[in-house]
Amino acid sequence: MSGSMASVALAWFRRDLRLHDNPSWAAATAVSDAAALVVIEPALLSGAGPWRRRAYLAALAGLDQSLRAEGSGLRVAVGDPAEAVPQVAAEIGAQKVTMNADVTRWSTARDQRVAEALDMPLDAHWGTVVHAPGQVLTAAGTLSRVFTPFFSRWIQTPMSEEVEPGSASVLAPPPGMALHDALGDELKEPWSEHDALSQLDRWQERVDGYDDDRDFPAIEGTSALSAALHFGLLSPRHVVASVGTHTPGRTGFVRQLAWRDWYTHLTAENPDIYRASLRLEYDRIVWETGHGADACFDAWRRGQTGYPIVDAAMRELAATGWMHNRLRMVAASFLVKDLLIDWRRGERWFRRMLTDGDLAQNAGNWQWVAGTGPDAAPYFRVFNPVSQSRKFDPAGRYLRHWLPELARLDDKAIHAPWLAKPLDLASADLTLGVSYPYPIVDHAEARQRTLAAYKGALGRNS
DNA sequence: TGGATCTTGGG
DNA sequence: CCAAGATCC
Ligand SMILES: Cc1cc2nc3c(=O)[nH]c(=O)nc-3n(C[C@H](O)[C@H](O)[C@H](O)COP(=O)(O)OP(=O)(O)OC[C@H]3O[C@@H](n4cnc5c(N)ncnc54)[C@H](O)[C@@H]3O)c2cc1C
């Protein structure tokens, strides 16, 4: 019989690095004794670029700090969770292990292996989404392939109650099993749930301007909470509950969190989202390959395409791990629709470099830009990098910050230096081809080429 | 959550 | 000449 309450539980933290409103932690601490475990997985860490790696390690220090504030601490293992989790569970005499589930192919396979290696239950909760996959369905009981109906269902679905940690006494890590033992001099300054919660507090003062300000990279018009959400320093349902929907800015912001849930649900149903177009016919597109394409891809990564808005964005990404949403769309569109390079190559680069890099969100958004996903931008919707630049950075403030070599061009010329009069280039001390590249493609031609390639793929019979 | 191009109607 | 609307990609 399973009637008796487990009295010792192990909470295995993964992408839910907080104690507040954490269903797995609440379940683990509802018994008499609990312990908090993180398993640093070298295979996962090696896929992360410098910014995400740093943020992850800092978030572990933050979780450790939260636990220490309560008199315990985080227990840390390095290696394969299928070995580490059963081992720690046995050491503390646990009767169950709790965790918050994830949706990627990699993590579900890993959790399967861990469950098989354990001689006790591995209880899965949901703590990284507002509504769990399967909770927001059409009348037919399926996941909507169109965002708007998904959103109306999503917003009408009652959120489950936020949960508090229970009263279990929390076991501190034994000697040699603390975070600093695992990390040594890689130990980072803590980035904790309290930091993220105060960032959320500060955002509350600006969220009403979200609708007006969100599209302009030169101003801080968005929350910048994505990394905290990725690592689970914040609970998305707490964020939604505390922001509310009583002004247009708030509704707009909450709507973005619905996109996040939607891509999570789509990934749960289609774990191949990062490698297979969700509309299969788009995998017939013939992408540019070979040396020329490789050189273009490289220029894109390094911010040397000759299109200032793309280059500024790509340089910011490499230098900081951050890129504004508008610029993610512009830079991604440029790779796919101006360079005709497979969206999967760009997806991998973004995911590696972004601090908030997240398989479901990144792959979902790349498929959206490439037109290969459900409810995606139609393929013929091609961003013009110069118009986007003029529209969303009219005074060139963002461009000047990341492209100092263009800083002395006037507000009109800076969006397209190759169109500037020679005199203006000279007086701005700029030599195209030397201090800043000429455009590596002609946008109008590239657009035609891409429309033809897409049309070719879609028109052809299977 | 486009853009290019053409049309129309007002200056 | 330009803004706004329609249409196509
Ligand atoms: C090509 C491309 C790649 C992207 N890759 C990622 C990624 O790897 N990780 C990631 O978290 N977001 C990704 N996004 C979505 C979006 O750009 C970021 O979430 C957003 O810019 C983060 O800034 P913010 O926190 O200030 O967002 P806000 O505008 O303040 O939005 C609030 C929250 O809503 C969520 N959100 C906002 N926009 C989206 C969106 N389009 N799709 C899904 N969730 C969204 C994020 O969690 C965000 O923190 C990508 C978008 C594009 C176009």
Side-chain angles (χ1 to χ4, degrees), chain A residues 144-152 154-155 207 209-219 221-223 226 248-263 266 278-279 281-282 284-286 307-310 313 323-340 343 346-347 350 356 360-394 398 412 415-416 419 439 441-460:
Chain A
S144 175
R145 299 253 134 196
V146 184
F147 177 73
T148 307
F150 173 83
F151 178 63
S152 36
W154 182 90
I155 197 84
V207 61
Y210 185 71
D211 258 20
D212 293 331
D213 298 342
R214 54 178 289 196
D215 264 325
F216 300 94
I219 53 183
T222 70
S223 69
S226 51
R250 287 166 194 267
T251 309
F253 172 76
V254 165
R255 187 182 166 89
Q256 293 313 110
L257 291 163
W259 278 99
R260 182 175 178 278
D261 271 17
W262 193 51
Y263 286 133
L266 280 168
L278 292 186
R279 305 189 199 189
E281 62 276 23
Y282 284 81
R284 294 202 296 255
I285 294 168
V286 182
Y307 285 88
I309 192 73
V310 175
M323 194 191 291
H324 188 281
N325 178 250
R326 171 58 51 181
L327 302 176
R328 296 185 197 198
M329 294 194 283
V330 172
S333 175
F334 187 82
L335 184 77
V336 174
K337 300 200 173 168
D338 282 76
L339 301 181
L340 196 58
W343 61 267
E347 191 275 328
F350 264 39
D356 62 29
Q361 307 314 319
N362 195 49
N365 275 283
W366 272 91
Q367 291 221 32
W368 184 88
V369 171
T372 62
D375 203 18
Y379 74 83
F380 48 77
R381 188 178 286 172
V382 177
F383 280 35
N384 180 324
V386 177
S387 330
Q388 289 284 313
S389 185
R390 291 189 180 124
K391 193 163 167 189
F392 296 111
D393 189 31
Y398 177 78
K412 188 166 154 359
H415 304 287
L419 299 177
V441 289
D442 175 81
H443 174 70
E445 282 171 19
R447 178 171 176 273
Q448 291 308 325
R449 175 180 66 163
T450 295
L451 292 176
Y454 272 71
K455 218 188 295 182
L458 301 182
R460 218 182 313 154

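Chain naming here is simple, since letters A, B, ... match the order of the sequence lines and numbering starts at 1 in each. Predicted, not measured: the structure shown is a model, and the values here were computed from it.
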Worksheet item: A:Lys455 NZ to C:dC8 P: how many Å, rounded?
Response: 13 Å
Discussion item. Using a 4.0 Å cut-off to any heavy atom of chain A, which nucleotides of DNA chain B are the first and last in contact, reading 5' to 3'?
Written reply: B:dT1 to B:dA4
Would you list the atom pairs, donor with acceptor, under 3.5 Å between side chains in residues 373-387 of chain A and any protein atom, with sequence neighbours excluded?
unit_1, atom_1, unit_2, atom_2, d
A:Asp375, OD2, A:Phe147, N, 2.8
A:Asn384, OD1, A:Val386, N, 2.8
A:Asn384, OD1, A:Ser387, N, 3.3
A:Asn384, ND2, A:Ser387, OG, 3.4

Worksheet item: Ion pair present between A:Asp356 and A:Arg328, side-chain N to carboxylate O less than 4.0 angstrom?
Response: yes
Item to complete: Using a 4.5 Å cut-off on heavy atoms from C-beta on, say whether the side chain of A:Arg145 contacts that of A:Leu266.
Response: yes
Worksheet entry | Residue pair A:Tyr454 / A:Ala370: nearest heavy atoms and the distance that separates them | OH-O, 2.8 Å
Discussion item. Using 0.5 Å steps for rounding, measure from the CD1 atom of A:Ile285 to the CG atom of A:Leu458.
Written reply: 6.5 Å
